[in-house]
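Please read the structure below before turning to the comments.
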2 protein chains.
Amino acid sequence: MSDRDTHQRRAIRNAFREAGRPLSPVEVLAAASVDVPNLGTATIYRTVKSLVEAGWLIPVALPGEPPRYELAGKDHHHHFHCRACGKLFELEGCPEGLRQLTPPGFHLDAHEVVLYGQCAECA
Amino acid sequence: MSDRDTHQRRAIRNAFREAGRPLSPVEVLAAASVDVPNLGTATIYRTVKSLVEAGWLIPVALPGEPPRYELAGKDHHHHFHCRACGKLFELEGCPEGLRQLTPPGFHLDAHEVVLYGQCAECA
DNA sequence: GTCGTTGCAAAGCGTTTGCAGCCTA
DNA sequence: TAGGCTGCAAACGCTTTGCAACGAC
């Protein structure tokens, strides 16, 4: 139940700190395996899950994409997905009128917005 | 390669017409099984895939969820995902200010908006 | 020494594919 | 009748779980 500071967990947290972008489980495995050989996939999933529950990581799920995770502590934001380079960019602000789209009787508690196109570099 | 009008395919197309909302493969199976007992999951996937390629269905991918499909030819719209029953509902309209979120130099060509909460039935 | 944590492998889950028999055209 | 279509089951890729050994405290 407690939170032991193991070699594996240190390597996994480190992978996220050094990445500076959302990582998928396989990417975490690749990065953390450098420090910890024989690192198992189960450990990745278990550790990532606990880090999400602990509020240290935030899940970043894009439509049709495998789930990724990024460091918590950022302001509410959305993402811009460049079709050309595949990079994910953070956006500031939030669109208006989301509440007005909600049908009568429905209870809105969260939303997800993803913009697609080309980033400044690829355009 | 041709497109034979089988009992199974008729039932599957019918399921989408009657649903009025995006359906996942399992939901299609449940609906179409009423007309065609012993309907296999493989048939669902194969038929849905061909219907998408034929432009009769549109894939609706939302973050962290299995893909769903809806009838093609509808106006631009977004979706509401009920956390309680897991159903996906169609919304009318589109939020304002999406373009303003786009950083300078970026080229916006599409967007995805998903609202989360509880539907009228579950609330 | 305890007991949470790990690695391995097996089990799940949703989706795809192989194959023999079925059925539409 | 021919060849696409279907159902069954095995195969797959990704994620979760069971379990005995390991190691942080």
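Every chain is numbered from 1, with letters handed out A, B, ... down the list of sequences.
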Can you tell me how far P of C/dC13 sits from CG of B/L29, to the nearest Å? 16 Å
Quick one: list whatever passes side chain to side chain donor-acceptor pair (under 3.5 Å) with B/S24, sequence neighbours left out. B/E27
I need the NZ-C1' distance between A/K49 and C/dG4, as an integer number of Å. 16 Å
Is it the case that the ring center of A/H111 lies less than 6.0 angstrom away from the ring center of B/H78? no
Just to be sure I understand the rule, does B/P67 reach a base, reach only the sugar-phosphate, or reach nothing, if contact means heavy atoms closer than 4.0 Å? sugar-phosphate
Kindly state whether the ring of A/F80 and the ring of B/F106 have centres lying under 6.0 angstrom apart. yes
Heavy-atom side-chain contact between A/D75 and A/H77 under 4.5 Å: no
Will you find, in the side chains of B/H79 and B/E70, an N or O donor that is under 3.5 Å from an N or O acceptor? yes
Taking the nucleotide of DNA chain C with the closest heavy atom to each, which residue, B/V26 or B/T6, is nearer the 5' end? B/V26
Report the C-alpha distance between A/V52 and A/I58 in whole Å, list the side-chain angles of each, state the deciding distance to 0.1 Å, and finish with yes or no for side-chain contact (heavy atoms from CB on, under 4.5 Å). CA-CA 6 Å; A/V52 169; A/I58 299 289; over 6 Å; no
How long is the line joining CD1 of B/I44 and P of D/dT6, in whole Å? 10 Å
Among residues 10-25 of chain B, which contact DNA chain C at a heavy-atom distance under 4.0 Å? B/P25
Gap between atoms CD and C1', on A/E53 and C/dG4 respectively (whole Å): 15 Å
Where the side chain of B/A42 is defined as all heavy atoms beyond and including C-beta, which of D/dT6, D/dA24, D/dC8 is the nearest nucleotide? D/dC8
Do A/L39 and A/Q8 come close enough that some side-chain heavy atom pair is under 4.5 Å? yes
Nearest-angstrom distance from the residue atom CD of A/Q8 to P of D/dA24: 8 Å
Rounded distance (Å) that lies between atom P of C/dT6 and atom CG of A/L39: 9 Å
Among D/dT16, D/dA9, D/dC25, the one nearest any side-chain atom of A/T41 is D/dT16
Considering only C/dA25, C/dT6, C/dG4, which nucleotide approaches the side chain of B/R4 most closely? C/dA25
Take atom CG of B/N38 and atom P of C/dC22, then tell me their distance rounded to the nearest Å. 14 Å
Options D/dA24, C/dT24, D/dT17, nucleotide nearest the side-chain atoms of A/R46: D/dT17
So if I take every side-chain heavy atom of B/R9 and compare against D/dG3, D/dT6, D/dG23, which nucleotide ends up nearest? D/dT6
Which sits closer to the 5' end of DNA chain C, B/H7 or B/P66, going by the nucleotide each is nearest to? B/P66
